[in-house]
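Worth knowing before you read on, the calculation uses all heavy atoms, side chains too, and leaves out hydrogens, waters and symmetry mates. Each ligand, and each atom within it, is numbered from 1 in the order the structure gives. Fair warning: this is a prediction, and the values are worked out from it, not measured in the lab.
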Amino acid sequence: MSQVLGNPQLEDEDDDEEDELVGLADYGDGPDSSDADPDSGAEEGVLDFSDPFSTEVKPRILLMGLRRSGKSSIQKVVFHKMSPNETLFLESTNKICREDVSNSSFVNFQIWDFPGQIDFFDPTFDYEMIFRGTGALIFVIDSQDDYMEALARLHLTVTRAYKVNTDINFEVFIHKVDGLSDDHKIETQRDIHQRANDDLTDAGLEKIHLSFYLTSIYDHSIFEAFSKVVQKLIPQLPTLENLLNIFISNSGIEKAFLFDVVSKIYIATDSTPVDMQTYELCCDMIDVVIDISCIYGAY
Ligand SMILES: Nc1nc2c(ncn2[C@@H]2O[C@H](COP(=O)(O)OP(=O)(O)OP(=O)(O)O)[C@@H](O)[C@H]2O)c(=O)[nH]1
C-alpha cells in the first residue's frame, strides 16, 4: 500500500491561481499580441527583463517548443487543474508568460511559457539574461507532427542556452503520445533521441545531456515527467529519498511518495522503482481527498 504525504493548501487554491501569473512580456508580432489569457487572471504588462523580480533566486523552468506543440496545455493541466479537453480552446501564446509556482518550500519556482515563434536574433529578446537564471529547459516536441523542424529548433535552443549557462537541465518532452501505438511511441522516442544526439555530436557538443520523456496531458505521464524535472531542482532530494527509504523499511509500506498535493507532482520517492499504476492510484487518492475536503469544508 502506498503512503501519500503532503501539505494541502486547499483554501488558497483559487486565490493562488488568481495571483500566479505575475508578468507577461510582449513578444508578439501578430494582431493578438496584446491579448491576455482570459482564464489566467494574468497581470498584463511589458516585462522589464531587468526588473528585480527576474533576478530572484527561484529556479526557473522554461517551456519552449514550436507553435501548437502543447506548452500552454501542459502548464494549464499540471498547475491549473484544467481538464485536458478544455485545452482544445486555448489560444496561441504571443508573449512570454511568467508564472510563480509557490506551493510549498520544495515546489517553489517560476515557469516561463514561451510563444512558439521566438526569434533568437531579435535584439529585444535578451536570451542571455533568460538562460542565465534557468534551472531547467523543457523543450516540447509534438510527436503527432513531422518533428524535423522541431529537432532543428531544439538544437538551436539547446546550443544557445548551453553557451550561456552550462548548468541547465535539458528536458525533452516527446508530447501528445496518446495518439501513437505502443510500438510507434518507442520508435519515435528512439528516432528523436538518436537525431538530437547526432546533431549535438556533429556540433562537437556531445557533453550536453538531454533527457527524454514520453508525455501526454490525457494521462499521468505529464505529471510524472514534470515530477522528474522538478526533482532535479531540489537540492534536498537525496535527504528526502533517504528519509522515505527509512520510512518504508520501518513501516512495512510498499512505496512512498512525497507529493505536492496542489499539482500532484511528486517531490521525492524512496529508491524502489516507480510503478506508474501506483503513482496513478496515489494521484486518484489525492483527488478523492480534495473532493471530500471541498464537500465538508474541513479547511
Ligand atoms: N492529443 C493531444 N493533444 C494535445 C496534448 N497537449 C496539447 N494538445 C493540444 O495541442 C493544441 C495546442 O496546444 P497549446 O498548449 O496551445 O500549444 P502551445 O505550444 O502552447 O502553442 P503556442 O502558444 O502557439 O506556442 C491544443 O489543441 C491542445 O489541446 C496532448 O498531450 N495530446
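- Using a non-hydrogen distance threshold of 4.0 Å, G179 does not register as a contact of ligand 1.
- I253 and L243 end up in different hydrophobic clusters when Ile, Leu, Val, Met, Phe, Trp and Tyr side chains are linked at under 4.5 Å.
- What sits closest to atom 31 (O) of ligand 1 on the protein, heavy atoms only, is I217 N, 2.9 Å.
- The shortest N/O to N/O separation between D113 and ligand 1 does not fall below 3.5 Å.
- Between S72 and T93, the side chains place a donor N or O and an acceptor N or O closer than 3.5 Å (distance only, hydrogens not considered).
- Scanning the protein heavy atoms around atom 19 (O) of ligand 1, the nearest turns out to be K71 NZ, 2.7 Å.
- For T87, heavy-atom contacts with ligand 1 shorter than 4.0 Å involve the backbone as well as the side chain.
- In terms of protein heavy-atom proximity, atom 23 (O) of ligand 1 is nearest to T93 N, 2.6 Å.
- Shown in contact with D178 at under 4.0 Å from a heavy atom are these atoms of ligand 1, numbered in order with element: 1 (N), 2 (C), 30 (C), 31 (O), 32 (N).
- With respect to atom 10 (O) of ligand 1, the closest heavy atom belonging to the protein is K176 NZ, 3.0 Å.
- Note: no N/O pair closer than 3.5 Å links F114 and ligand 1 by distance alone.
- Applying the 4.0 Å criterion to heavy atoms of S92 picks out, from ligand 1, the atoms 22 (P), 23 (O), 24 (O).
- With ligand atoms numbered from 1 in the order given, ligand 1 contributes 1 (N) to contacts under 4.0 Å with heavy atoms of Q144.
- For residues 264-274, the pairs satisfying salt bridge (charged side-chain N to carboxylate O under 4.0 Å, His left out) are K255-D270, K264-D287, with sequence neighbours left out.
- Contact check on K232 versus E171 returns a salt bridge, with a Lys/Arg side-chain nitrogen under 4.0 Å from an Asp/Glu carboxylate oxygen.
- Looking only at heavy atoms of the protein, atom 15 (O) of ligand 1 is closest to S73 OG, 2.5 Å.
- Not counting sequence neighbours, the partners of N197 by the side chain to side chain contact (heavy atoms under 4.5 Å, CB included) test are H193, L200, L210, F212.
- From T215, atom OG1 reaches atom CD1 of I222 across 4.0 Å, with rounding to the nearest 0.5 Å.
- The option from Q75, R68, H175, M64 that lies nearest to atom 27 (O) of ligand 1, judged by heavy atoms, is R68.
- For ligand 1, the atoms sitting less than 4.0 Å from at least one non-hydrogen atom of L88 are 27 (O), 29 (O), numbered in the order shown with element in parentheses.
- Residues D183 and S181 bring no donor and acceptor atom of their side chains to less than 3.5 Å of each other.
- Annotation for ligand 1: atoms under 4.0 Å from non-hydrogen atoms of S216 are 31 (O).
- A distance below 6.0 Å separates the ring centres of F79 and F226.
- For the 3.5 Å distance criterion, the side chains of Q189 and Y213 fail to qualify, holding no donor opposite an acceptor.
- For G70, a nitrogen or oxygen atom sits less than 3.5 Å from a nitrogen or oxygen atom of ligand 1, counting backbone and side chain alike.
- No hydrogens or angles considered: a donor-acceptor pair under 3.5 Å links the side chains of E99 and H80.
- Between Y279 and F259, a ring centre-to-centre spacing shorter than 6.0 Å is recorded.
- Of the N or O atoms in G116, one or more lie within a sub-3.5 Å distance of an N or O in ligand 1.
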